Amino acid sequence: MSSVRVRFAPSPTGFFHIGSARTALFNWLYARHTGGTFILRIEDTDKERNSEAFLNLIYDSLAWLGLNWDEGPKIGKNGGGDFGPYRQSERSDIYRDYVAKLMNAGRAYEKDGAIWFKLLGERYEVFDEHRKKTVTKVKVPPVVIEDRIRGRVERLEDEDFVIVRSDGNPVFHLVNVVDDIAMQVTHIIRGEDHLSNTSKHVALYEGFGVKPPEFAHIPLILKQNGPGKMSKRDQGALIEEYQRRGYLPEALVNFLCLLGWNPGDDREKMPIDEIVRLFDLPGVNQSNARFDDKKLAHMNMAYLLAQPAEQFVAQAREYFTRCEKLIPVAPEYFRAVMLLCQPKVKGLEELPAYTAYFFTDDFVIDQKVRDKVMAKGEPKARLAELVELAKSADFTSEATMTEALKKLAESKGLGFGDYQAVARLAVTGTNVGPSITGIFHVLGRERTVRRLETCLTGF
RNA sequence: GUCCCCAUCGUCUAGCCCGGUCCAGGACACCACCCUUUCACGGUGAGAACCGGGGUUCGAAUCCCCGUGGGGACGCCA
């Protein structure tokens, strides 16, 4: 195990979204790539907005994405570690000690009931037009941030800032830095929105007399439509939504890592082991990336298509169960239906509607399609021929059905196409779906005959 | 308003660090054609970009400066 220690430090104050997931992912990838340690730390110092439900959502989402943590709150196989507790709400004593250190060193003072971090330098007052008030500034040299992705960044941090609120609770900047020191974090990989906080953090490290860790500020994910970064309120922003809709986590992870990182060549679909092997900080981009749900859907389809048969069936079953669409049928029948449709759908969420007619005779008939099919050729005659065929044909496999239907068409001097549309309408009610002979085979003789006859009778 | 970051097809991006092999490559999306049993998948092809202006250089997508545009931060939120 290398000495690299990275952390993902979410706060349970809202839904877990794409941006957080990618920050977690990049940290996880870096830890796995370097053989280091991935720490999960819960930044729950905002008592007003914390919720246990959001906390559980973080655990669930990370687990679903496969981002296991080595140290952190102990959940299942994850967690534990020598630097706990890993919830900031349980670390008050530690913060108190560190604040005392600053006080003793003359680097913190009390004002208005709060504790402020003290910058070293000559003080002067100035009126801030934007904030409409007079503020005390300190003459200090700019803070230098050596960022692994941005390079050298300079920023002036010239005002004292609050580190402990008047209610006694420490603020983000303080606890973030204290915990990173206490947990011996070596690399801080976080969103670029934190870049301007970093000058405060570097000042605090200096105040504690500790060399800051490596910083790596990754680009932000921009919302698909409209301006600005993606937030939890945006369309498609929530991880739980993808989970609910039956997206494959591998696909989402693969898509996410390509937002702001690339392997340096044209490869896109890669197994996670390969991504771990290739991922490194120099490969991370500097510019923000716009979220594209079409590309994600495509990635999901690619993964679905490549799924081994039994795994796909299991996933389909789980999805049907979860959204209460599972109709009690023989497992072999369910399996046959799913495998017939696997190459046809873009996602698991399409499956229930796409396969509905396999599970009920009372399926919806698309009237537009019906009118169209019935208006062309001699659908009634074809239907009658199909009924006879279905009564006698060999339903053993899709191939035997195809053979039988081809033979019928040939004997009438017609083509496969002359039967396909009307047959499909009769047994499925639509004009889209898998191979019609595949449907016959899966449906079996009894159902096929019944549906063809019903349609014929309905003329 | 101040400060910080960024800038290649509509989108994600390769190329940029180490200037010439780039009249800029791939993927998604879009369009056409092929395959075909409908719809997809797949295959082939088309259209589509170096933000603008200055410099440096024999030569710049690549280096420098300015402008513009995009993003972020300016809380006793995280």
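Keep in mind that what you see is a predicted model, and the values were worked out from it rather than measured. Just so it is clear: chains get the letters A, B, ... in the order the sequence lines come, proteins before strands, and each one is counted from 1.
- Between Arg123(A) and Asp160(A) there is a salt bridge, since a side-chain N of the basic residue sits under 4.0 Å from a carboxylate O of the acidic one.
- Within the nucleic acid shown, Asn285(A) comes within 4.0 Å of sugar-phosphate atoms alone, with no base atom in reach, counting heavy atoms only.
- On the C1' atoms, C22(B) is 14 Å away from G59(B), given to the nearest whole Å.
- Toward the 5′ end of RNA chain B lies the nearest nucleotide of Arg155(A), the other residue of the pair Lys406(A) and Arg155(A) mapping further downstream.
- Residue contacts for His217(A): at a heavy-atom cut-off of 4.0 Å it reaches no nucleic acid atom on any strand shown.
- Remark: Gln286(A) is not in phosphate contact with C5(B), judged by side-chain N or O atoms under 4.0 Å from OP1 or OP2.
- The pair Arg96(A)-Asp93(A) meets the salt-bridge criterion, with a side-chain N (NZ, NE, NH1 or NH2) lying under 4.0 Å from an Asp/Glu carboxylate O.
- Annotation: of the two residues near RNA chain B, Val164(A) and Ile149(A), the 5′-most nearest-nucleotide partner is Ile149(A).
- Between Phe208(A) and Tyr98(A), the angle of the ring planes goes over 60°, which puts this pair in the perpendicular group of the 30/60° scheme.
- The base of U38(B) does not come close enough to the side chain of Thr430(A) for any donor and acceptor atom to sit less than 3.5 Å apart.
- Regarding the sugar-base torsion, C17(B) falls in the anti class, its angle being beyond 90° of 0.
- Within the nucleic acid shown, Leu296(A) has no heavy atom closer than 4.0 Å to any nucleic acid atom.
- Checked against U38(B), G71(B), G26(B), the side chain of Glu268(A) finds its nearest nucleotide in G26(B).
- Pairing partner, C39(B): none, since no Watson-Crick or wobble contact has both distances short of 3.5 Å.
- On the P atoms, G52(B) is 23 Å away from C5(B), given to the nearest whole Å.
- Looking at heavy-atom distances under 4.0 Å, Gly113(A) makes no contact with the nucleic acid at all.
- Set against A78(B), C3(B), C12(B), the side chain of Arg290(A) has C12(B) as its closest nucleotide.
- The partner of A27(B) is U11(B), judged by Watson-Crick or G-U wobble contacts that both fall below 3.5 Å.
- Atom C1' of G67(B) sits at a distance of 26 Å from the matching atom of U11(B), rounded to the whole Å.
- The listed nucleotides are C39(B), U37(B), C12(B); the one nearest the side chain of Tyr354(A) is C39(B).
- If you check distances only, the side chain of Ser196(A) never reaches the base of C74(B) with a donor-acceptor pair under 3.5 Å.
- Out of A40(B), C28(B), A78(B), the shortest distance to the side chain of Lys344(A) is found at A40(B).
- Summarising the geometry, the separation between CG on Asn225(A) and P on U11(B) is reported as 12 Å, rounded to the nearest angstrom.
- Using cut-offs of 30° and 60° for the angle between ring planes, the Trp116(A) and Tyr109(A) rings count as parallel.
- Remark: U2(B) base-pairs with A73(B); criterion is Watson-Crick or G-U wobble with both hydrogen-bond distances under 3.5 Å.
- Among the nucleotides A78(B), G71(B), U37(B), the one closest to the side chain of Leu222(A) is G71(B).
- Rounded to an integer number of Å, the gap from Lys137(A) NZ to U2(B) C1' is 8 Å.
- With salt bridges taken as basic N to acidic carboxylate O contacts below 4.0 Å, none links Lys344(A) and Glu350(A).
- Backbone-only contact: Leu259(A) has heavy atoms under 4.0 Å from sugar-phosphate atoms and none from a base.
- For Glu410(A) and Lys406(A), the salt-bridge test fails: no basic side-chain N is under 4.0 Å from an acidic carboxylate O.
- The phosphate of A73(B) (OP1 or OP2) has a side-chain N or O of Lys229(A) nearer than 4.0 angstrom.
- Contacts of Gly433(A) with the nucleic acid, taken as non-hydrogen atoms under 4.0 Å apart, include base atoms.
- Contacts of Thr402(A) with the nucleic acid, taken as non-hydrogen atoms under 4.0 Å apart, include base atoms.
- Residue contacts for Ser11(A): at a heavy-atom cut-off of 4.0 Å it reaches the sugar-phosphate backbone alone, with no base atom in range.
- No engagement by Pro219(A) is indicated, since no non-hydrogen atom pair under 4.0 Å with the nucleic acid exists.
- No engagement by Ala421(A) is indicated, since no non-hydrogen atom pair under 4.0 Å with the nucleic acid exists.
- Among the protein residues, Ser199(A) comes within range of no part of the nucleic acid, since none of its heavy atoms lies under 4.0 Å from any strand.
- The side chain of Lys295(A) approaches A27(B) more closely than any other nucleotide in the set C76(B), U11(B), A27(B).
- If you check every strand for non-hydrogen atoms under 4.0 Å, Asp193(A) touches sugar and phosphate atoms only.
- Annotation: A46(B) and U8(B) have their P atoms spaced 24 Å apart (nearest Å).
- Using a 4.0 Å heavy-atom cutoff across all strands shown, Arg267(A) reaches no nucleic acid atom at all.
- Considering only side-chain N and O atoms, Arg165(A) lies under 4.0 angstrom from the phosphate OP1 or OP2 of A78(B).
- The side chain of Val432(A) sits closest to C39(B) out of C28(B), G75(B), C39(B).
- Using bins of under 30°, 30° to 60° and over 60° for the plane-to-plane angle, the ring pair Tyr242(A)/Phe291(A) lands in the tilted bin.
- The C1' atoms of A48(B) and A24(B) are separated by 13 Å, rounded to the nearest whole Å.
- Between Asn262(A) and U13(B), a side-chain N or O to OP1/OP2 separation shorter than 4.0 Å is absent.
- Classification of the Phe8(A)-Phe38(A) ring pair by plane angle, with boundaries at 30° and 60°, yields parallel.
- Distance from the side chain of Arg150(A) is smallest for C5(B) among the nucleotides C41(B), U37(B), C5(B).
- Across U37(B), A29(B), C76(B), the shortest atom-to-atom separation from the side chain of Lys294(A) is found for A29(B).
- Looking at heavy-atom distances under 4.0 Å, Ser166(A) makes contact with a base.
- U44(B): Watson-Crick or G-U partner is A32(B), with both key distances under 3.5 Å.
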